[in-house]
Structure formats: C-alpha cells, structure tokens
Amino acid sequence: MADRTYDMLKRCIDLCGALVGLLLFAPVMLGVAMLIRLDSPGPVLFRQLRRGRNGRLFYVLKFRTMVADAERKLKELEQFNESENGVLFKMKHDPRVTPLGRFLRRSSLDELPQFLNVIRGEMSLVGPRPLQLRDSDKLLDLDPEGYDTRLKVLPGLTGPWQVGGRSDIDYAQMVELDREYVESRSLLGDIRIIFQTVLVVVVGRGAY
C-alpha cells in the first residue's frame, strides 16, 4: 500500500513538474533548437533506444549534441573509451561532440526534451538514468543484480548518478548509488535530488 501511494504521488509530481518545466523552458528550448540548426547539419532532436522499467524499450529524447552520424562512429572510438571495464562509454574529448553540444551537455540543456518522456510515462523526474543499449548490455554481463535493480523503477531525468558525480564516477559507483536509491526511495528524497541537481548543473560538475 505504501509503495502504491508513493507511486501515485510520484506520478502526480512528475506530470505537474514536467508540464511546468516545459512551460518555463519553452523559450530556452526554442532558442537551443535554432542554435543547433545553425551549428551543424542534422536533426534538432536525437532519439535513442533505452531500457526503462522492467526492461521496456523506449526512445529517450535529447537535443542533438553530436554530429549526425555519431552512432555509426562509436565502434571506431571504442578503443579510446576511458571508462573502467568499458561499461559506460566516456571520452572527455569525444570528437563526435559539436562545439555547441559541449555547452549543452555541460549545462544539461540537452536533457530538456525528456520532459516529454516524463509526460508519456516512460520516465520520472527522478530515478536511475536510462543507459543506452550498448552500456545496458555490458552492465548485464558484468553485474546482473545491479542491472535488475536499476530496472525496478522508472528511469529519471535526474537521479543519484546525476548528483553523485556524473561522468566522474565509474559504473560500479553508479550502480551502488542507484541501488541505494531504489531501496530507500521517498518523495522527500526525490525532492532533495531535484534541488541538488540544480546546484550540480550550475557548477557543471562531471559533465562531458
């Protein structure tokens, strides 16, 4: 009963927060879309398959921060992956990222379209960040329990990884943060993470 009440209240907060976020950031999103058009050829929005709650596949939405054929070039760059055990793909100077894209990533403005994912019920405002399928499959191989734990709840626009270090922490630390969140999640905890996210975004910590 407690979990059901939490889920209902969380869904109400998600809907209200996402709608307010879209209204508040509409001028910013319009400006970002125009800048992307001017910065490099390709679509404004980037869609990528991710695994959500219970492994359900969905397309996460982001403002495009890379060149249009970035997905095709990933295999060529695997040898330069700076992530421990290669679960997450990390390159501080990824050549696929556009000049504007670097700013969008550092400021997290590229994540704003995910308010639409929240409204559609594919994501929550707070939860484990949804991994791309490449990373998700590697995590399943290395840590099946951690993989399953992350998929027990809706993925979040922000979450414990976002406020715990982002790209500065390795996959094991990410999974541990997510496990702690899943086991002790609460509305007060979600609100705290939202406020912490604002501080992290302002200083641009761990974003690249």
- Query: At their closest point, which heavy atom of Ala68 faces which heavy atom of Pro41, and how far apart are they?
  - Reply: CB-O, 3.9 Å
- Query: With a 4.5 Å limit on heavy-atom distance, are the side chains of Leu125 and Phe115 in contact?
  - Reply: yes
- If Ile, Leu, Val, Met, Phe, Trp and Tyr residues are connected whenever their side-chain heavy atoms lie under 4.5 Å apart, and connections chain through other members, are Leu140 and Leu133 in the same group? no
- Query: Could you give the distance from OH (Tyr59) to CG (Leu57), rounded to the nearest 0.5 Å?
  - Reply: 8.5 Å
- Without hydrogens or angle criteria, can the side chains of Ser40 and Arg64 be said to hold a donor-acceptor pair below 3.5 Å? yes
- What's the spacing between Leu109 CG and Phe63 CZ if we round to 0.5 Å? 8.0 Å
- Message: I need the Thr98 OG1 to Ile36 CD1 distance, nearest 0.5 Å.
- Response: 7.5 Å
- Message: With salt bridge (Lys or Arg N to Asp or Glu O under 4.0 Å) as the rule and sequence neighbours excluded, what pairs involving residues 24-47 come up?
- Response: none
- Taking a hydrophobic cluster as the set of Ile, Leu, Val, Met, Phe, Trp and Tyr residues connected by side-chain heavy atoms closer than 4.5 Å, whether directly or through intermediates, do Leu104 and Val200 fall within one such cluster? yes
- Query: Residues in side-chain contact (heavy atoms from CB on, under 4.5 Å) with Arg56, at least two apart?
  - Reply: Glu122
- Query: Rounded to the nearest 0.5 Å, how far does CD of Gln162 lie from CD of Gln196?
  - Reply: 11.5 Å
- Task: Verify the cluster assignment for Leu49 and Leu45: are they in a single hydrophobic cluster under the rule of side-chain heavy atoms below 4.5 Å apart?
- Result: no
- Check the side chains of Ser124 and Asp14 for a donor-acceptor pair under 3.5 angstrom, ignoring hydrogens and angles. yes
- Item | Any residue meeting side-chain hydrogen bond (donor to acceptor under 3.5 Å, both in side chains) with Arg185, in chain and number order, not counting sequence neighbours | none
- Could you tell me whether a side-chain N or O of Thr197 sits under 3.5 Å from a main-chain N or O of Ile193, the two making a donor and an acceptor? yes
- With the side chain counted from C-beta on, respond yes when Val126 and Leu157 share a heavy-atom pair under 4.5 Å apart, and no when they do not. no
- Task: State which residues pass side-chain hydrogen bond (donor to acceptor under 3.5 Å, both in side chains) with Arg53; sequence neighbours excluded, sorted by chain then number.
- Result: none
- Residues joined to Val97 in its hydrophobic cluster, side chain to side chain under 4.5 Å directly or through other members, sorted by chain and number, are Met66
- Heavy-atom closest pair (Ser136 atom, Leu131 atom, distance to 0.1 Å) is N-CB, 4.1 Å
- Working for side-chain contact (heavy atoms from CB on, under 4.5 Å), residues Leu199 and Val163: CA-CA 9 Å; Leu199 296 177; Val163 301; over 6 Å; no
- Residues two or more places apart in sequence or in another chain: which of them pass side-chain hydrogen bond (donor to acceptor under 3.5 Å, both in side chains) with Ser186? none
- Polar side-chain atom of Arg129 near backbone of Trp161 as donor-acceptor pair, under 3.5 Å: no
- Query: Between Lys62 and Gln48, does a side-chain contact (heavy atoms from CB on, under 4.5 Å) hold up when you go through it step by step?
  - Reply: CA-CA 9 Å; Lys62 302 180 74 171; Gln48 188 179 61; over 6 Å; no
- Is there side-chain contact between Leu151 and Asn54, with heavy atoms separated by less than 4.5 Å? no
- Message: Once salt bridge (Lys or Arg N to Asp or Glu O under 4.0 Å) is applied, do any residues pair with Glu176, and if so which ones, sequence neighbours excluded?
- Response: Arg179
- Message: Restricting to side-chain hydrogen bond (donor to acceptor under 3.5 Å, both in side chains), what partner residues turn up for Asp190, sequence neighbours left out?
- Response: Tyr6, Lys10, Tyr181
- Query: What residues form a salt bridge (Lys or Arg N to Asp or Glu O under 4.0 Å) with Asp148, not counting sequence neighbours?
  - Reply: none
- side-chain contact (heavy atoms from CB on, under 4.5 Å) involving Leu19 - partner list, sequence neighbours excluded: Ile119
- Which atom of Gly146 lies closest to which atom of Asp143, heavy atoms considered: N-OD1, 2.9 Å
- Determine whether Val20 and Met29 fall in the same hydrophobic cluster, where Ile, Leu, Val, Met, Phe, Trp and Tyr are linked whenever their side-chain heavy atoms lie under 4.5 Å apart. yes
- For Asp137, enumerate each residue passing the side-chain contact (heavy atoms from CB on, under 4.5 Å) test, keeping only those at least two apart in sequence or located in another chain. Arg51
- Out of curiosity, Ser107 OG to Arg102 CZ, how far, rounded to the nearest 0.5 Å? 13.5 Å
- Hey, does Phe58 have a side-chain heavy atom less than 4.5 Å from the side chain of Met123? yes
- Can Val118 and Leu15 be said to form a side-chain contact (heavy atoms from CB on, under 4.5 Å), step by step? CA-CA 7 Å; Val118 174; Leu15 281 173; over 6 Å; no
- Nearest heavy-atom contact between Arg96 and Asp94 is NH2-OD2, 2.8 Å
- Query: Minimum heavy-atom separation for Asn117 to Leu61, with atom names?
  - Reply: OD1-N, 3.0 Å
- Task: Give a yes or no on whether Val32 and Leu24 share a hydrophobic cluster (residues Ile, Leu, Val, Met, Phe, Trp, Tyr; joining criterion: side-chain heavy atoms under 4.5 Å apart).
- Result: yes
- salt bridge (Lys or Arg N to Asp or Glu O under 4.0 Å) against Arg150, all qualifying residues, sequence neighbours excluded: Asp178
- Answer yes or no: is there an ion pair linking Glu183 with Lys152, defined by an N-O contact shorter than 4.0 Å? no
